[in-house]
Amino acid sequence: MLNFPPWTTTIRAFLPPLGAGGLLYVITLVWYGGSPLTTDVGYEPVQPVPYSHALHAGTLGINCLYCHTNVDKAAHANVPATETCMNCHQRIKAKSPQLAAVRESWSTGNPVEWVKVHDLPDFAYFNHSAHIKKGVGCVSCHGRIDTMEKVSQREKLSMGWCLECHRAPEKNLRPPEMVTVMDWKAPEDPQTYGARLKEKNHINPPVHCSGCHR
């Protein structure tokens, strides 16, 4: 028969709460550590060209649609072609070392290897044009791009985050012609104004699985 030291009797009383606490710690660690708020928000990759949205979209006031030409027509937002960059930069800062990758792309025909920032899972379907045409502003998902020197992800873009908007889209609605105006403000209470736009434009976002998983 084994004889255990007296302290084992004392510690035995602490084993259940320690076990429960350990399990809670693991669950919290997995839940928080795997959350898009932890893994995705703040993602700011280094790009092959130091392109400043704060300069181009902010200071110079270039409209989003000048570079991202198909966001109001297609499901996927296009990365600007090198030709778009060179429309200006054949004459403006034409020899800047910061634009070496753009000039190389222009001369070789190979695209600039931009790094995608807002990258949804393959099993999630998102249609840019559907949102743009209904009046969901760029800032709702991307934040104030016109103030960013380097683009980073500002929202979770998780399923729960999307569903919050689909169930109550009013606060994110504006006239469709204003979707690219970064500093646009509703002329009255955003919720009230959005409710009228929702009714006027027959906006009824899907909340069933097949709306985003196809």
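Small disclaimer: the values here were computed from a predicted structure and weren't measured. Heavy-atom basis, side chains included; hydrogens, waters and symmetry copies ignored.
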Pair listing, salt bridge (Lys or Arg N to Asp or Glu O under 4.0 Å) test, anchored in residues 101-118, at least two apart: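 Every pair satisfying salt bridge (Lys or Arg N to Asp or Glu O under 4.0 Å) with a residue in residues 101-118: Lys116-Asp119.
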Aromatic contact, His76 with Phe126 (centres under 6.0 Å): no
His213 ring center near Tyr125 ring center (under 6.0 Å): no
Name of the residue among Gln153, Glu149, Lys150, Met148 meeting side-chain contact (heavy atoms from CB on, under 4.5 Å) with Glu44: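 Only one option passes, and that is Lys150.
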Side-chain donor-acceptor contact under 3.5 Å, Ser105 with Asn110: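 Result is no, nothing qualifies.
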Between CD1 on residue Ile62 and CG on residue Leu65, distance to nearest 0.5 Å: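 Answer for the CD1-CG pair, Ile62 versus Leu65, is 12.5 Å.
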Considering non-hydrogen atoms only, spot the tightest contact between [X] and [Y] and give its length.
| X | Y | result |
| --- | --- | --- |
| Arg174 | Met178 | NH1-O, 2.9 Å |
| Pro48 | Ala101 | O-CB, 4.1 Å |
| Asp72 | Ile132 | CB-CG2, 3.8 Å |
| Trp114 | Pro80 | NE1-O, 4.4 Å |
| Cys64 | Cys138 | SG-SG, 4.3 Å |
| Val49 | Gln98 | CG1-O, 3.7 Å |

Does any non-hydrogen side-chain atom of [Y] lie less than 4.5 Å from one of [X]?
| X | Y | answer |
| --- | --- | --- |
| Val139 | Ile145 | no |
| Val41 | Glu155 | no |
| Tyr51 | Val102 | no |
| Tyr43 | Val151 | no |

Geometric class of the His68/His53 ring pair [parallel <30°, tilted 30-60°, perpendicular >60°]: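 Judged by the thresholds at 30° and 60°, the geometry between His53 and His68 is parallel.
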Whether His118 and His142 hold their rings parallel, tilted or perpendicular, with breakpoints at 30° and 60°: perpendicular
Heavy-atom donor-acceptor pair, His89 side chain to Ala94 backbone, under 3.5 Å: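 No, the answer is negative, given that no donor and acceptor are paired below the 3.5 Å cut-off.
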Main-chain N/O of Asn127 paired with His131 side-chain donor or acceptor, under 3.5 Å: yes
Pairing residues for Lys95 by the side chain to side chain contact (heavy atoms under 4.5 Å, CB included) criterion, not counting sequence neighbours: none
Linked, directly or transitively: Trp161 and Val136 (ILVMFWY side chains, under 4.5 Å):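 No; tracing contacts between hydrophobic side chains, which count when under 4.5 Å, never links both residues.
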